[in-house]
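Just so it is clear, the values below take in all heavy atoms, side chains as well, and ignore hydrogens, waters and symmetry mates.
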Amino acid sequence: MFTGLAEALDWLYATQVFGIKLGLDGMRRLLRECGVSEPRARVIHVAGTNGKGSTCAFAESVARAAGYSTGLFTSPHLIAFNERIRVNGEDIPDADAARLIGKVRDTIADWETPPTFFEIVLAVAMMHFAERAVDIIILETGMGGRLDATNAVPKDVAVITPIGMDHMQYLGNTLYEIAGEKAAIIAWHRLALSAPQQPDALRAIHEAAQRMDTDYRIVDTPCEQPLGLRGTYQKMNAALALAALHALPHFLCSAEEEARGLAEVQWPGRFEEIAPGVIMDGAHNPPAIRVLVETWEREYPGARARCIYAGSADKALDEVISLLSPIVAEWVLPPVQSPRILPQHELADKVRAFGNAPVSTPATLAECLQSSTGPTLICGSFFLLGEAKALLKNELGYRATQQ
């Protein structure tokens with residue numbers, strides 16, 4: 001066994017050398033050999049392009065307020081690995097994470113084709129949920145749906161949030177193809193729920209439901225109750241989460257419990273005020289950026305942002321920058337510790353092509369955060385958000401708050 005979580009994570013992160021492996025056979029084998037292939041809990045499975053995490057968070061919060069024990073699996077994490085696996089709103093303890101990672105390592109020791117990082121983390125989550133005997137599990141897909149590891153877990157209801165163009169190198173070059181991959185989480189004779197979609201995405205969802213001989217329903221009425229997350233788009237995420245919970249067999253929740261769960265929900269990185277006048281948002285693709293801009297204009301009417309931004313090279317950066325530019329007074333492009341992030345000088349060239357706002361490329365992220373004047377927006381990459389939150393919380397003495 002590992003001596004602690006740090007050693008366990010060193011081993012776990014080393015498995016990233018195996019990259020992304022789309023397919024379910026290995027995941028099903030891993031769940032079976034870990035003894036968690038048939039969870040006793042009821043399962044909500046969420047796929048989509050935008051709003052997955054928030055929808056999961058609403059469902060978990062309301063279920064917990066209603067007195068159910070909950071397991072939540074999401075990705076990526078912002079600061080600590082433990083954030084990916086939560087029971088009753090609490091991150092998996094270090095000791096449990098290390099012990100269960102060790103159990104997986106022992107289980108796969110003689111496998112010819114080892115599981116990927118994501119598959120191992122999901123197995124750890126399912127074992128933790130089983131040990132804690134949770135009543136309801138909420139799973140967020142990592143990417144796509146049809147071949148995503150989470151699709152190896154039996155579910156009671158499939159939920160599809162708004163679908164857009166993303167991960168084209170894996171999922172397809174058209175909205176119809178991408179939606180088909182995500183809609184493939186729909187299970188045989190299990191209800192499917194969807195947010196309003198573009199016509200091509202809706203067609204793919206309809207066809208997937210037909211193949212699984214099941215019903216699907218479009219949730220198109222926003223939730224008008226007070227919510228713990230800011231942004232008008234959260235009203236649809238909350239409505240989708242409520243519909244999913246009420247679709248579960250024998251789910252009971254009073255109006256008071258529902259209201260409390262919606263109001264007390266916490267989800268980091270979604271128009272989150274982490275310090276006075278400093279907003280952090282994980283929007284990174286054009287559909288999410290449009291919503292972010294709309295929310296900024298409503299929350300800060302007439303104000304332009306000091307935008308601390310980083311973007312992955314595989315994203316539609318030109319379109320993202322074009323959409324952000326009208327609300328940006330100054331671009332601050334920090335270095336971010338990820339090979340996926342476009343280098344500062346290349347990103348600066350892109351930004352300058354879309355307007356006359358001043359652009360700076362500080363040597364460190366800490367420099368970006370120390371000299372803040374006016375409202376500040378940190379966005380574009382979860383790698384950036386994680387580093388910024390850690391700095392604000394630990395090095396600069398701010399106390400991070402989750403809205």
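- Summarising the geometry, atom CE belonging to Met126 is positioned 10.5 Å from atom CD1 belonging to Ile85; distances are rounded to the nearest 0.5 Å.
- For the pair Arg28/Ser37, no side-chain contact is recorded, criterion being any heavy-atom separation below 4.5 Å from C-beta on.
- For the atom pair CD1 (Ile163) and CG (Leu202), the distance works out to 9.5 Å, reported to the nearest 0.5 Å.
- The 12-atom threshold is not exceeded at CD of Glu90, counting heavy atoms of other residues, nucleotides or ligands nearer than 6.0 Å.
- Glu7 contributes a side-chain N or O that, together with a main-chain N or O of Thr3, makes up a donor-acceptor pair within less than 3.5 Å.
- Shown here is Glu224, whose CD atom has more than 12 heavy atoms of other residues, nucleotides or ligands within 6.0 Å.
- Summarising the geometry of Arg190 relative to Ile186, their closest heavy-atom pair is O-CG2, 4.4 Å, with the distance given to 0.1 Å.
- Within the 4.5 Å cutoff, the side chain of Arg105 has heavy atoms near those of the Phe2 side chain.
- Here the side chain of Ser61 pairs no donor or acceptor atom with the backbone of Phe58 at under 3.5 angstrom.
- Taking Thr150 as the reference, His45, Asp148 meet the side chain to side chain donor-acceptor pair (under 3.5 Å) condition, with sequence neighbours excluded.
- Counting only heavy atoms from C-beta outward, the side chains of Val320 and Pro286 approach each other to under 4.5 Å.
- Between Arg64 and Glu264, none of the side-chain N atoms (NZ, or NE/NH1/NH2) sits under 4.0 Å from a carboxylate O, so this pair counts as no salt bridge.
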Checklist line | Test side-chain contact (heavy atoms from CB on, under 4.5 Å) applied to Glu119 and Leu122, step by step | finding: CA-CA 5 Å; Glu119 290 172 331; Leu122 176 58; 5.8 Å; no

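- With values rounded to the nearest 0.5 angstrom, Arg230 atom CZ is found 9.5 Å from Trp296 atom CH2.
- Screening Thr49, Thr55, Asn50 for a side chain to side chain contact (heavy atoms under 4.5 Å, CB included) involving Thr161 leaves a single residue, Thr55.
- Side chains of Leu30 and Met27 form a contact here, defined as non-hydrogen atoms less than 4.5 Å apart.
- Between Leu12 and Val124 there is no side-chain heavy-atom pair separated by less than 4.5 Å.
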Next item on the list: Could you please spell out the steps behind the side-chain contact (heavy atoms from CB on, under 4.5 Å) verdict for Leu385 and Ile378?
Entry: CA-CA 7 Å; Leu385 267 59; Ile378 306 172; 4.3 Å; yes

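- A heavy-atom distance below 4.5 Å is not found between the side chains of Val153 and Val36.
- Remark: Asp110 CG is packed, more than 12 non-hydrogen atoms of other residues, nucleotides or ligands lying under 6.0 Å away.
- Using a 4.5 Å heavy-atom threshold, the side chains of Arg84 and Pro76 count as touching.
- Ile137 and Pro39 get closest at one heavy-atom pair: CD1-CB, 4.2 Å.
- The backbone N or O of Gly48 sits less than 3.5 Å from a side-chain atom of Lys182, completing a donor-acceptor pair.
- Proximity of a side-chain donor or acceptor of Thr74 to a complementary backbone N or O of Glu140 within less than 3.5 Å is not detected.
- Remark: Leu100 CG to Ile120 CD1 distance equals 12.5 Å, nearest 0.5 Å.
- More than 12 heavy-atom neighbours from other residues, nucleotides or ligands sit within 6.0 angstrom of CD on Glu177.
- Atom CZ of Arg298 is surrounded by more than 12 heavy atoms from other residues, nucleotides or ligands within 6.0 Å.
- In plain terms, the two heavy atoms of Ile160 and Ala183 that are nearest each other are CD1-CA, 3.7 Å.
- Separation of atoms CG (Asp281) and CZ (Arg270) is listed at 8.0 Å; rounding is to 0.5 Å.
- Of all the heavy atoms in Cys379 and Leu384, the pair that sits closest is O-CD2, 3.3 Å.
- Expressed to the nearest 0.5 Å, how far CG of Leu240 lies from OG of Ser54 amounts to 11.5 Å.
- Salt bridge Lys103/Asp106: absent, no basic N to carboxylate O contact under 4.0 Å.
- With sequence neighbours excluded, the residues satisfying side-chain contact (heavy atoms from CB on, under 4.5 Å) with Arg132 are Val87, Asn88, His128, Val134.
- The aromatic rings of His206 and Tyr216 stand perpendicular to each other, their planes meeting at an angle above 60°, with 30° marking the opposite boundary.
- Tested against Leu369, the residues Val278, Val332, Ile308 include a single side chain to side chain contact (heavy atoms under 4.5 Å, CB included) partner, Ile308.
- Of all non-hydrogen atoms in Leu227 and Ala238, the two that sit nearest each other are CD2-CB, 3.9 Å.
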Using a 3.5 Å cut-off and no angle test, enumerate the donor-acceptor pairs between side-chain atoms of residues 350-357 and protein atoms at least two apart in sequence or in another chain.
from: Lys350; atom 1: NZ; to: Asp318; atom 2: OD1; distance (Å): 2.9

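- Residues Arg304 and Pro326 approach most closely at NE-O, 3.6 Å, considering heavy atoms.
- Here the side chains of Phe73 and Cys56 are not in contact, with every heavy-atom distance at 4.5 Å or above.
- Side-chain atoms of Gln344 come within 3.5 Å of backbone atoms of Leu333 as a donor-acceptor pair (strictly under, hydrogens ignored).
- Ser381 places a side-chain N or O within donor-acceptor distance of the main-chain N or O of Phe383, the cut-off being under 3.5 Å.
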Note to self: Before you tell me yes or no, could you show the steps for Glu83 and Leu78 under side-chain contact (heavy atoms from CB on, under 4.5 Å), namely the whole-Å CA-CA distance, both residues' side-chain angles and the distance that decides it to 0.1 Å?
What the structure shows: CA-CA 8 Å; Glu83 298 167 19; Leu78 287 183; 3.7 Å; yes

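- A salt bridge is absent between Glu60 and Arg86: the closest approach of a Lys/Arg side-chain nitrogen to an acidic carboxylate oxygen does not fall below 4.0 angstrom.
- At distances below 3.5 Å, at least one donor-acceptor pair connects side-chain atoms of Arg42 with backbone N or O atoms of Pro249.
- Using the six-membered ring where Trp is involved, Phe271 and Tyr300 have ring planes that are tilted, between 30° and 60° apart.
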Next item on the list: With side-chain contact (heavy atoms from CB on, under 4.5 Å) as the test, would you mind laying out the steps for Thr361 and Leu347 before giving the verdict?
Entry: CA-CA 10 Å; Thr361 55; Leu347 187 57; over 6 Å; no

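- Without hydrogens or angle criteria, Lys155 side chain to Ile185 main chain gives a donor-acceptor distance under 3.5 Å.
- For the residue pair Glu207 and Tyr176, a side-chain donor N or O sits within less than 3.5 Å of a side-chain acceptor on the partner.
- For the pair Asp156 (side chain) and Val43 (backbone), a donor-acceptor distance under 3.5 Å is present.
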